[in-house]
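So the structure is just underneath, and the comments pick up after that.
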Amino acid sequence: MEQTLVIIKPDGVRRKLVGRIIQRFEEKNLTIKEMYQGVMTDKIAQEHYAHLKEKPFFPNLVAYMTSGPVVFLLLEGADAIPLVRQMLGATNVLQAVPGTIRGDFACSTTENLVHASDSPENAAIEIQRFFG
Ligand code: TYD
């Protein structure tokens with residue numbers, strides 16, 4: 001069993017897609033171990049995306065991630081980390097294929113609805129960051 005950290009980003013909450021996104025994870029038989037809604041602080045958003053801090057889109061990304069409530073999910077299942085990444089779809093909006101969450105709902109690369117851990121190392125760090 002593997003655990004992964006998912007964030008339904010501010011546009012997911014604003015567009016009232018929380019239920020539909022969570023339903024996909026449940027349909028895939030992933031277990032919701034913990035879940036809460038909250039607003040990310042500037043400091044935490046900068047820490048979470050520290051690997052992108054030199055990118056030109058970084059200020060926009062932090063502003064977006066702190067622009068409203070998000071939903072944090074701790075999901076568990078077999079191969080949960082790669083499985084959930086596959087369910088999210090590609091980062092680039094034009095490469096996210098239909099059938100994935102981003103492919104079906106996202107209209108922008110920045111406002112792309114969902115985050116999920118991309119490796120066991122990052123999952124451990126992100127679970128600690130948001131679930132302590
Ligand atoms: P990244 O960690 O590369 O992708 P992912 O979210 O798929 O793990 O990027 C983090 C977020 O940064 C991404 O979800 C959206 C935003 N982003 C942009 O706004 N523009 C870009 O060109 C890229 C690569 C990412």
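Both counts, for ligands and for their atoms, begin at 1 and track the order of listing. All values derive from a computational prediction rather than experimental measurement.
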Beyond-backbone contact of [X] with [Y], side-chain heavy atoms, under 4.5 angstrom:
X     : Y      : value
Val93 : Asn112 : no
Ile44 : Met65  : no
Ile7  : His48  : yes
Phe57 : Leu52  : yes
Lys9  : His115 : yes

> In chain order, what residues pass the salt bridge (Lys or Arg N to Asp or Glu O under 4.0 Å) check against Asp104, with sequence neighbours excluded?
Replying inline: Arg24

> Using a threshold of 4.0 angstrom between heavy atoms of the protein and any atom of ligand 1, which residues qualify?
Replying inline: Lys9, Tyr49, His51, Leu52, Phe57, Leu61, Arg85, Thr91, Arg102, Thr109, Thr110, Asn112

